[in-house]
Amino acid sequence: MDSESRSTQAAARALHVNPKRIYKWQKEAITPVAAARSGAELKPATAAELRQLRALARRQAQELEILRKAVASCLL
């Protein structure tokens with residue numbers, strides 16, 4: 001067990017909280033998307049950024065598919 005895990009365990013005991021809950025809170029603090037999945041509310045700016053990034057990812061996936069098809073047709 002590493003020192004971070006031991007300190008989390010100690011904090012859980014001191015706070016009378018299940019260690020899994022602390023790990024969940026840590027993950028949510030690091031990853032806003034994980035917080036959103038667990039039902040926590042995102043800040044409006046974070047939610048807007050997430051929507052923009054998802055839209056960008058969709059566009060890039062479409063562009064990649066177009067390029068793959070173009071390369072495949074050139075190789076025929």
Side-chain angles (χ1 to χ4, degrees):
M1 188 179 294
D2 65 358
S3 63
E4 184 178 323
S5 180
R6 283 193 300 267
S7 64
T8 301
Q9 296 285 336
R13 279 192 302 276
L15 297 169
H16 305 288
V17 174
N18 186 327
K20 289 181 181 181
R21 182 174 300 266
I22 292 180
Y23 288 119
K24 180 182 176 202
W25 290 336
Q26 288 172 330
K27 183 177 179 180
E28 290 173 357
I30 294 170
T31 311
V33 175
R37 287 186 185 139
S38 70
E41 290 294 320
L42 290 178
K43 294 178 184 176
T46 304
E49 181 181 14
L50 182 57
R51 283 191 303 276
Q52 290 173 343
L53 290 171
R54 286 179 174 164
L56 176 62
R58 281 191 302 272
R59 280 193 305 272
Q60 288 178 337
Q62 290 171 343
E63 291 172 5
L64 182 59
E65 186 60 29
I66 290 167
L67 291 171
R68 283 183 180 147
K69 289 179 180 179
V71 168
S73 68
C74 288
L75 296 175
L76 294 178

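The chain is numbered in sequence order, starting from 1.
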For Ala70 and Ser73 the tightest heavy-atom approach is O-OG, 2.9 Å

Just so I know, are the side chains of Trp25 and Val17 near enough to count as touching, which here means a heavy-atom distance under 4.5 Å?
yes

Contacts of Ala55 meeting side-chain contact (heavy atoms from CB on, under 4.5 Å) (sequence neighbours excluded), chain-then-number -> Arg58, Arg59

Kindly write out the residues that satisfy side-chain contact (heavy atoms from CB on, under 4.5 Å) with Ala11, not counting sequence neighbours, or none if the list is empty.
Ile22

Please round to the nearest 0.5 Å and tell me the distance separating atom OG1 of Thr8 and atom CZ of Arg13.
10.5 Å

Apart from Leu53 itself, residues in the same hydrophobic cluster as defined by side-chain heavy atoms under 4.5 Å:
none

For Gln60, give me all partners under side-chain contact (heavy atoms from CB on, under 4.5 Å), at least two apart in sequence or on another chain.
Leu56

Answer yes or no: is there a side-chain heavy-atom contact under 4.5 Å between Leu50 and Thr46?
no

Partner set under side-chain contact (heavy atoms from CB on, under 4.5 Å) for Ala47, not counting sequence neighbours
Leu42, Arg51

Test question: given the 4.5 Å side-chain rule for I, L, V, M, F, W and Y, name all other residues clustered with Leu64, or answer none.
none

